[in-house]
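Just so you know, these numbers come straight off a predicted model, no measurement behind them.
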Amino acid sequence: MPLDVLIVDDSAAIRKILQRVLAQTDVPINRVLEAGDGKEALELLRTEKVSLVLSDINMPNMDGLQFLTEVRANEEWKNLPVLMITTEGSQAKVMEAAQLGATGYVRKPFTAEQIKEKLASIRY
Amino acid sequence: MTETSQIDRLDDGLVSESLCRATLDVFGTMLGVDAVAGDRFKEKVPPHPSHGVVSLIGMAGSWVGTGGMSCSAELACKLSGRFLMAEYESVNDEVLDAMGELTNMVIGNFKNEIEQHVGALGLSIPTVIFGRNFVARSATENDWIAVPFDCEGETLTVKVCLSPRANRPVVRGHAPPPFMVE
């Protein structure tokens, strides 16, 4: 079934680049939604059908880890794949994201291949 | 609190090498640009008017400071064009956003490396400034360590000013020796 993807990043440039990468993958995409921070992303999740989230960590208003915590606390979204794509590369942050329930972690800068590989390894 | 937070000064070479690795990694991976690093230099915030695009990100933890990049408007347009596979003839919102994100990646990766020496650091959201004849002021007495890069025939400068936070808690015990100071 084609995926409805939500990209959460405060940088419009990164949202645009990830849209381009998604268009190149073998994963069938139905539509791509965008949010500039975790708060906006939560609002979209409440009203739109989403089957995959790609999220940054450092964002204004609500960061990616807080967003992930909110997502996992909701019964409806607890199995929603959430891939973190972020500059934060310390082992502590990676561990924290994993403990909060992140499906995967990609460090910026990234190649299209790295994103494609991660997406191919996720069970939707 | 980690032992690493006991370090009082960072070696300039360590800082500039980390800046170089981070910049070359980001530019090579995201832009396909082979930038060439020049010799590092130290500076106070320039007292003379600046122009072009300047992007800045704050870092905070046991150490505090700022990192950033600066370049001409023309180079910012070229780099943003490569980043977004588009063409920009003048600086607009997309160029400013792209420069902010590139700075976030460069300083973020620098931070990831330098955290091994100074402990965990948080990053602020990038601030990007574009203008002519602006003057910057900084409250810090510390020097900035800057590395110029030859990039697409122009110069882009990446710089960092990082120092121990005042009044940070002192941990007694097995603190490692301070880093070599030039």
**Study point:** Single-linkage hydrophobic cluster A:Val8~A:Ile122, side-chain heavy atoms < 4.5 angstrom
**Key:** no
**Study point:** Closest heavy-atom pair and its distance - A:Pro109, B:Met30
**Key:** CB-CG, 3.5 Å
Point to revise | Joint hydrophobic cluster, B:Val15 plus B:Val64, side-chain heavy atoms closer than 4.5 Å | key: no
Review point. Are B:Phe41 and B:Leu162 linked, directly or through other ILVMFWY residues, by side chains that come within less than 4.5 angstrom of each other?
Key: no
Review point. Can B:Leu14 be reached from B:Ile107 by stepping across I, L, V, M, F, W or Y side chains whose heavy atoms are under 4.5 Å apart?
Key: yes
Exercise for review: Please flag which part of A:Lys108 lies under 4.5 Å from any non-hydrogen atom of chain B: side chain, backbone, both or neither.
Suggested key: both
Review point. Do any of residues 73-104 of chain A come closer than 4.5 Å to chain B, heavy atom to heavy atom, and if so which ones, in number order?
Key: A:Thr87, A:Glu88, A:Gly89, A:Ser90
Check your understanding: Got a sec: does the CG of B:Asn92 have more than 12 other heavy atoms crowding it under 6.0 Å?
Key -> yes
Exercise for review: Among residues two or more places apart or on two chains, list those pairs meeting salt bridge (Lys or Arg N to Asp or Glu O under 4.0 Å) that have a residue in residues 112-124 of chain A.
Suggested key: A:Glu113-A:Lys116
Practice item. Identify which part of B:Leu84 has an atom lying under 4.5 Å from any heavy atom of chain A, answering side chain, backbone, both or neither. Key: both
Practice item. Would you kindly confirm whether A:Ile14 and A:Leu6 end up in one hydrophobic cluster when ILVMFWY residues are joined by side chain heavy atoms under 4.5 Å apart? Key: no
Practice item. Mind listing the closest non-hydrogen atom pair of A:Phe110 and B:Thr29 along with its distance? Key: O-CG2, 3.5 Å
Point to revise | chain B-proximal positions within residues 28-67 of chain A [heavy-atom distance under 4.5 Å] | key: A:Asn58, A:Met59, A:Pro60
Review point. What are the residues of residues 95-104 of chain B, in order of number, with any heavy atom under 4.5 angstrom from a heavy atom of chain A?
Key: B:Asp97, B:Ala98, B:Glu101, B:Asn104
